[in-house]
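For reference, the structure discussed in these notes is given below.
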Amino acid sequence: MMKLLKVFRMFATGFVLAMAAGSWAAEPVRIGMSMAKTGAFAAAGAGQLNAYQLWAEQVNAAGGLDVAGTRRPVELVVYDDQSDPAKAAAIYEKLITSDKVDLLMSPWGSPAHFAVVGVLERYKFPMVGSSAASLQIRSLKAKNIWFPTSAIPDALGAELAKLMQAQGVKAVAINTVQLPFPQEIKRYLVPAVQAAGMKVVYNEEYAPGIKDMTASMVAIKRASPDAVISLSYPEDSMLYMKQAREQDLRAPFQFVAVGPSIAFFSKMFGANLDNIVTLGHWSPDQKAWPKAKPFFDAYQAKYGEAPDYLDVALAWVSAEVLQQAVAKAGLDKDKLRAAIASGTFDTIDGPVAFEGVQNRLTPAMFLQFQQGKGQIVYPPSQQTAPFVAKSGWQK
Amino acid sequence: MAQILSPELLLAALMLASTYALVALGLNLIYGAMRLLNVAHGDLMVLGGYVAWSGFTLLGLSPLLGLFGAMLLAAGLGIACYTLFFKRLVRNTAIAARLEANSLLIFFGVSIILQNLMSLVFTADARSYSYMDTLVQWGSVSIALNRLVILGISAGATVAVLCFLRLSVFGIAIRALIQQRDAASLIGIDADRINIVVFCLGFALAGLAGALISMTESVTPFGGFPFTIAAFVVVILGGLGSLGGAVAGSLLLAFVEVYGVTLTSAAYRSILVYGLFILILFVRPQGLFGRKAN
């Protein structure tokens, strides 16, 4: 019995010593965020949180985050905003004032980003944004948030028209869901298409939550366009894919805005996704971005599916920007803000630098799925594969 | 105008109607027969979808077999839900008047628990697979096979439930209970047993609907709510507890959605569908086939 006690005491002392040794090591850098873990945006938020967690794991495995020369482990502090932007704002306030986190990472989607801008400004706490894209960001005079996306509606509209023109498109059909981002793109796409001498042969909008598109598909087919632009969100993007196939829409240029870059889409549509053009300004196959492929492989290995080419890639880019700025400036908010605002960052999406709140280096791009892989087909300077016309649907 | 007569639109409307009918079937039993506001109906469908998805992706099992698993699991949940939450509530005459409101709260809780459990087990990632999506050609019309399967099974399930209610002893007892709860107990109908059967069946049908729809739509843990809404609209439109009414309601909704959109614009889809709903409730508050309340 005494022996047992002795052994126990030995272990106990050892444990306490180990704990003490642990506390001598560097304090972790605590990084706070709110994420849509439940509610309507949970499926979209999941990939972004995956990216942040993978990033934290890799940083810790490499010996910790470089804070102006000292390595410290990172610890993520994540709260569920239940897909409610107002809750996101309250959470960021709590993260800053009560949890006193060292750094912040961004929530999912434009509404949550816009909701937290006020909090960031009030506490002068810099945060790199990710999955937000809207013309509205231009009107922000914020000094503590930055948007790495290049999928801004006015540029998208103009560039999409150029891509179509380069493919010899003459007649364009546009079908738009009544939601802000797709409608913003349409507002710039229609004049750009007309200015380029192409004809808009069909231009209709539909209500979100629509369950059947047959009538629209029949009407589009009758207008026989050589480009169909579906400015849609994942739910109705699926509907477009199913019903365009059933109605055998043969347009060689088919664009589906949001959805195709997410993993579940290719699982549902397989080879039918091939040669569909979509939004996206990142591809693992871009040789000029050496970090892109390792990120893709690491994500696939950990989560068993490809990352969303758009939001997940952006989340990773935002983490890279933060990481490189902290390495230079440390955790002081003023120095960090200056470092993010003035620096050029080497990311999986190539170099990123900001002018105001906007990324000024990454141009608007478009992806096309080819044999299951998202390839950049536009602009020519960034191309990873040439555009291929869609040659019908599989029976 | 010639477009109105096209077979594509007719088939699209029938397909949509069959989906609406299928989604509403299970809810009709529980809300229609027992007046319990099952707001977890859509979440049970999502659960059914996950069973079919896991069966297909992990075990290579056809969703048409997986749907039996989905029905069994949902039926088991139905029994658990009834014995845990409703057994005493239904018996207690003092709170019987508040049963409908209480059931809303209970099912709301069940809905949240289900959503979060599914999110923990399956993560919030959208899941999907591709099964029986070859195109079937019928003259000028072509349609994905899995949608035809949904049409067939939906029609079959509706007829089966209708026969069950009309012809089997259990079904007759359920109808007796709907009409006169106290009198039914007096003549020896075991209300408890009947309630369990209704729960089992109602939940299992939700599981069936979810498993089938997972062949054509993606599954996410928080994606059940739109199904719940659609089911309530169809059941209320058709008249509570009336299966024939629900079928008529589904057809009406689907035809208004497909043809209304053709004649006006897809931008008016929600206005058309919910406008029709409000209009019918205005004219016939008891629904198309509902009995007038005394």
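Just so it is clear, the model here is predicted, and its values are computed rather than measured. Chain identifiers are assigned alphabetically (A, B, ...) following the order of the sequence lines, protein sequences preceding nucleic acid strands; residue numbering begins at 1 within each chain.
Take B/Phe232 and apply the ring-ring contact (aromatic ring centres under 6.0 Å, His included) test, not counting sequence neighbours, and it matches B/Tyr31. For B/Val51, the side chain to side chain contact (heavy atoms under 4.5 Å, CB included) test picks out B/Ala70, B/Leu73, with sequence neighbours left out. Under the side chain to side chain contact (heavy atoms under 4.5 Å, CB included) criterion, B/Leu251 pairs with B/Leu14, B/Ala17, B/Val247, B/Phe255, not counting sequence neighbours.
If you tally non-hydrogen atom pairs under 4.5 Å between each of B/Ile143, B/Val273, B/Val141, B/Leu9 and chain A, the highest count goes to B/Ile143. Listed options A/Gly270, A/Ala36, A/Gly209, A/Gly47 were ranked by heavy-atom pairs under 4.5 angstrom with chain B; first place goes to A/Gly209. Most heavy-atom pairs under 4.5 Å with chain B, from the set A/Ala44, A/Pro234, A/Ala43, A/Pro208: that is A/Ala43.
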Less than 3.5 Å apart and able to act as donor and acceptor by atom type: which atom pairs between chain B and chain A qualify?
residue  : atom : partner  : partner atom : Å
B/Gln3   : NE2  : A/Ala215 : O            : 3.3
B/Ser128 : OG   : A/Phe264 : O            : 2.5
B/Asp133 : O    : A/Arg245 : NH1          : 2.9
B/Asp133 : O    : A/Arg245 : NH2          : 2.4
B/Ser142 : OG   : A/Glu246 : O            : 2.6
B/Ala144 : N    : A/Glu246 : OE2          : 2.9
B/Arg147 : NH1  : A/Glu246 : OE1          : 2.5
B/Arg147 : NH1  : A/Glu246 : OE2          : 2.9
B/Thr216 : O    : A/Lys242 : NZ           : 2.5
B/Glu257 : OE2  : A/Lys211 : N            : 3.2
B/Ala266 : O    : A/Ala207 : N            : 3.1
B/Ala267 : N    : A/Glu205 : O            : 3.1
B/Arg269 : NH1  : A/Gly209 : O            : 3.2

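Here the shortest heavy-atom pairing between B/Val258 and A/Ala215 reads O-CB, 4.5 Å.
In this structure, chain A has a heavy atom under 4.5 Å from the side chain of B/Leu16, while its backbone stays farther away. For A/Met238, the part lying under 4.5 angstrom from a heavy atom of chain B is the side chain only.
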